[in-house]
Amino acid sequence: MVYFDQAATSYPKPERVIRAVSEALLQGGNPGHGGHRLAMEGAERLYRARETAARFFKAEPEQVVFTPSCTVALNMAIKGIMAGGGHLLISDSDHNASLRPASALVRAGKCRAEAFLVVEGNPEKTLSGLRAKIRPDTRAVVCTHASNVTGNVLPVEGIRALCKEKGILFILDAAQTAGLLPVRAEMADVLCIPGHKGLLGPMGTGMMIVGKGIFLPTILEGGTGTASLEPGMPEESPERFEPGTVNFPGIMGLAAGIEEVEKRGMEAVYRQELETAALFYRGAREIPGVRLHSLPPVYGKSVPTVSFTIGDAGSAETSERLSQEGFMLRGGYHCAGLIHRRLKTERTGTVRFSCGAGTGKREVLRFLEIVQKIAREG
């Protein structure tokens, strides 16, 4: 089996991640919920994990909120910021993790939202298009750092600067870049991150890093282990946004994954994976019948993700045929509806190649042989 679906979740998980999860399950106690030894030891380990994440993303520990996923973090950020109404702008490269919360708010009559066009390969045109969409009541911009369909990196530094100029809040979805590209807390007012992709942690983990001075209403309330006699949630972060029992085993695995990324060297990993993606791209564009829906992978402008289709076949059918040959790739719409209208792949979807640890030149060359075989057979 060859796994080319790293954009969905990283695999295989590092041994240190598996060990950290196992040790947390064996420890016992509920971190921060009690004064006995097990609860206190768990709270100390939880804080160290928060410090690890804060160091990695150049934040303070109290800015780091652990969430069940990047999707939950985006819901918290979007629904919190837009609670007072106003106008929201979203990129047409975004995932349903931001598109659907925005749509739910619009349907409920709580805000107005529209998409701005991402012109891949032309960041200046993307930024000028965004600027033209900004209105006096625009409250926030949300966008993905890189498309999970094409791998294109958006001009987020320019978007951040434009938001600052206009006094607009910026929410950044780093689902496809955290652990591969430099992602820092200062890049957005709210940074939303999955734990299980580039950070190599377990599924069911994520983070929301809230900028200093940003106050968000809560969308979830419950026990925090502090201020228990008060009817409302604490004012202080992160307790304000972590009601109930946290996913302690998952968070321990996430912290271990971050440490593994630091050990491997993020820059070295990114370069190796991008070279692998570029090798696939160069080979695939020479195969008759293969249509590529991504631009060539370029350092700093792409993550190692390439979308393609073969002939007129639907992507799910192609993905199934590849699976039968031992290659694991996702076919479909990748939970990103708007971008397929731009790519004109509403009928077929795309097959997504996304590489990571354990795959390189040998696996790509074998894969290209199979793609060529499927394209020839039709």
Side-chain angles (χ1 to χ4, degrees), residues 24 30-34 39 42-43 46-47 49-50 53-54 57 59-86 88 90 94-111 113 139-140 142 169 171-175 178 185 188-196 201-254 335:
N30 192 335
H33 292 252
L46 183 64
Y47 185 75
R50 209 180 299 277
F57 292 105
E60 298 298 326
E62 61 270 18
Q63 293 178 258
V64 177
V65 176
F66 290 117
T67 64
S69 65
C70 185
T71 296
V72 171
L74 283 161
N75 270 262
M76 294 168 71
I78 293 168
K79 292 178 179 177
I81 287 173
M82 301 307 297
L88 174 67
I90 312 173
D94 265 45
H95 190 279
N96 282 338
S98 58
L99 296 173
R100 284 180 171 170
S103 177
L105 290 173
V106 171
R107 291 197 308 273
K110 294 182 178 179
C111 79
R139 184 169 178 80
V142 57
L169 295 175
I171 305 166
L172 181 61
D173 171 8
D189 293 293
V190 184
L191 186 59
C192 301
I193 303 159
H196 67 105
M203 287 181 278
T205 60
M207 288 175 282
M208 178 177 71
I209 299 181
V210 184
K212 294 178 181 179
I214 303 297
F215 183 82
L216 294 178
T218 58
I219 64 168
L220 294 170
E221 296 79 32
T224 57
T226 61
S228 294
L229 296 180
E230 299 298 323
M233 293 294 286
E235 297 290 309
E236 300 77 19
S237 180
E239 292 84 1
R240 178 174 177 78
F241 304 107
E242 293 180 356
T245 298
V246 298
N247 178 7
F248 183 62
I251 293 168
M252 293 300 99
L254 169 54
C335 302

Main-chain N/O of Gly250 paired to Asn247 side chain as donor or acceptor, under 3.5 Å: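 Confirmed, Asn247 side chain pairs with Gly250 backbone.
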Compare every heavy atom of Ala43 with every heavy atom of Gly32, then report the nearest pair and how far apart it is. N-CB, 3.7 Å
Please round to the nearest 0.5 Å and tell me the distance separating atom CE of Met208 and atom SG of Cys70. 11.0 Å
How long is the span from the CG atom in Asp94 to the CG atom in Asp173, to the nearest 0.5 Å?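 The CG atom of Asp173 is 6.5 Å from CG of Asp94, to the nearest 0.5 Å.
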Filter on side chain to side chain donor-acceptor pair (under 3.5 Å), then keep only pairs touching residues 229-242, sequence neighbours left out; what's left?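 Output for this query lists Arg50-Glu242.
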Would you check, one step at a time, whether the test side-chain contact (heavy atoms from CB on, under 4.5 Å) holds for Ile251 with Phe66? CA-CA 8 Å; Ile251 293 168; Phe66 290 117; 3.6 Å; yes
Does the side chain of Ile81 reach to within under 4.5 Å of the side chain of Leu216, using non-hydrogen atoms? yes
Which pair of heavy atoms, one from Gly244 and one from His33, lies closest together, and at what distance? O-NE2, 3.7 Å
Inter-residue atom distance Gln63.CD - Phe57.CZ, 0.5 Å rounding: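 Those atoms lie 12.5 Å apart.
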Minimal non-hydrogen separation, Phe248 against Leu46, with atom names: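 Between these two residues, the closest heavy atoms are CE1-N, 4.2 Å.
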Assess the residue pair His95 and Leu74 against the criterion (side-chain contact (heavy atoms from CB on, under 4.5 Å)); give the C-alpha distance rounded to whole Å, side-chain angles, the decisive distance to 0.1 Å, and a yes or no. CA-CA 10 Å; His95 190 279; Leu74 283 161; over 6 Å; no
Does Pro243 reach the side chain of Glu221, with side-chain heavy atoms less than 4.5 Å apart?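 SC-SC contact between Pro243 and Glu221 ruled out.
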Is a side-chain donor or acceptor of Ser69 paired with a backbone partner of Thr205 at a separation under 3.5 angstrom?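 Absent.
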Taking all non-hydrogen atoms of both residues into account, name the closest pair between Arg139 and Gly85 and its distance.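 For Arg139 and Gly85, the tightest heavy-atom pair comes out as CD-O, 3.4 Å.
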Measuring from atom CD1 of Ile209 to atom CG of Leu172, what distance do you get when rounded to the nearest 0.5 angstrom?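 Atom-to-atom, Ile209:CD1 and Leu172:CG are 10.5 Å apart.
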If you define the side chain from C-beta out and look only at heavy atoms, does anything of Ser98 sit under 4.5 Å from Ile78?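 Result yes, sub-4.5 Å side-chain heavy-atom pair found.
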Taking every non-hydrogen atom, the tightest pair across Leu105 and Met82: CD1-CB, 3.8 Å
Interatomic distance, Leu220 atom CG to Met233 atom CE [nearest 0.5 angstrom]: 8.5 Å
Any idea which heavy atoms bring Ala102 and Leu88 closest together, and the distance? CB-CD2, 3.7 Å
Distance col, row Cys192:SG vs Met76:CE, nearest 0.5 angstrom, shows 9.0 Å
If you define the side chain from C-beta out and look only at heavy atoms, does anything of Pro61 sit under 4.5 Å from Tyr47?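 Yes. Closest side-chain heavy atoms under 4.5 Å.
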